[in-house]
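Here's the structure, in structure tokens; my notes come after.
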Amino acid sequence: MMTVEVFPLRFYEESPEIVAKNLLGKFLFKREDDAFLGGLIVETEAYYGFEDPASRAFGGIKNYNITMQEEPGRVFIYNVHKYWMLNIVAHGPNRIGAVLIRALQPTEGIEIMKRNRPVREITDLTTGPGKLTLALGIDKHLNGVPVTSSESQIFVANNNVKFEIGSSRRIGVKKDLNQNLRFFIKGNEFVSTKRE
DNA sequence: AGGAAGATCTACT
DNA sequence: GTAGATCTTCCTA
């Protein structure tokens, strides 16, 4: 693998919306023995705290969502409909928030990921929040792990690419806020849905 | 101990 | 476009 440049904690100490956009085009890697699984982040969604009816923190801090209000730059994982959702905690001081990783463009460990989640087309491998956690072998045990160190089992690394950012309402959300909080790389074929 | 909800996915029509 | 399957967690009793 190429040289790895991770981001410091302050990269994640911004509003979820800002971090959601800043994470696009960056690498996400998960360590698997001697191999790395992962790829480019091509689709994200921002979630806030008590004021966001779609947020896991809506209704109060509980055991299972406590990570959302703790230190930014850490993994926050919860379950929905049998699948694990991968988030990265992102918020200013004394706030609550996280960024949901919705889709990856696979670049590393593709063979292993295909074993974890057999598919015919590579465009089916990690093009959805539940799909990518299965392919990368991510579950609740990674909850709280910092993505700010390349020594972590899972981390985010820098990458310099140019692209246009598209946005839309969040996917699958019953009670959404009145603004676009889903962001994706325009024209990328690994975005989970064409909806804009 | 049981019921309900959910930021999903797949397979159909 | 929609129905149904499926799991983890929370709420009430």
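Here is how names work: the chains are called A, B, and so on, in the same order as the sequence lines, proteins then strands, and each is numbered from 1.
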Stem list, DNA chain B (Watson-Crick or G-U pairing under 3.5 Å, at least 3 consecutive pairs)
B:1-6 with C:7-12, B:8-12 with C:1-5
Taking side chain to side chain contact (heavy atoms under 4.5 Å, CB included) as the test, write out the residues that go with A/Leu40, two or more places apart.
A/Phe27, A/Val42, A/Gln105, A/Asn159
Please list, chain by chain and in numerical order, all residues satisfying side chain to side chain contact (heavy atoms under 4.5 Å, CB included) with A/Glu164, sequence neighbours excluded.
A/Lys186
Measuring from atom OG of A/Ser150 to atom CZ of A/Phe36, what distance do you get when rounded to the nearest 0.5 angstrom?
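If we round to the nearest 0.5 Å, A/Ser150:OG and A/Phe36:CZ are 7.5 Å apart.
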Send over the distance from [X] [atom1] to [N] [atom2], rounded to a whole Å.
X        : N     : atom1 : atom2 : value
A/Phe183 : B/dA7 : CZ    : C1'   : 15 Å
A/Lys174 : B/dT8 : NZ    : C1'   : 10 Å
A/Ile171 : B/dC9 : CD1   : C1'   : 14 Å
A/Lys131 : B/dT8 : NZ    : P     : 12 Å
A/Asn116 : B/dC9 : CG    : P     : 16 Å
A/Arg56  : B/dG6 : CZ    : P     : 8 Å

Is the count of non-hydrogen atoms from other residues, nucleotides or ligands lying under 6.0 Å from A/Arg117 atom CZ greater than 12?
yes
Pair A/Arg74 + A/Glu70: basic N to acidic O under 4.0 Å
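No, A/Arg74 and A/Glu70 are not salt-bridged.
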Would one find a side-chain N or O of A/Arg102 under 4.0 angstrom from OP1 or OP2 of B/dT8?
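Yes, A/Arg102 has a side-chain N/O under 4.0 Å of OP1/OP2 on B/dT8.
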Do the side-chain N or O atoms of A/Arg169 get closer than 4.0 angstrom to the phosphate oxygens (OP1, OP2) of B/dA7?
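Answer is no, no contact under 4.0 Å.
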Between A/Leu86 and A/Leu100 the two heavy atoms that sit nearest each other are O-CD1, 3.5 Å
Just to verify, what does A/Ser168 make a side-chain hydrogen bond (donor to acceptor under 3.5 Å, both in side chains) with, not counting sequence neighbours?
A/Arg182
When you measure from the centre of the six-membered ring of A/Tyr47, is the NZ or CZ of A/Arg170 closer than 6.0 Å and no more than 45° off the axis?
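The answer is yes; both the distance and angle limits are met.
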If you assign each of A/Asp124 and A/Val173 to its closest nucleotide in DNA chain B, which residue comes earlier from the 5' end?
A/Val173
Reading nucleotides 4-13 of chain C 5' to 3', which nucleotides get B (base under 4.0 Å from a protein heavy atom), which S (sugar-phosphate only), which -?
--SBSSSS--
Partner set under ring pair (Phe, Tyr, Trp, His ring centres under 6.0 Å) for A/Tyr83, not counting sequence neighbours:
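Expected list: none.
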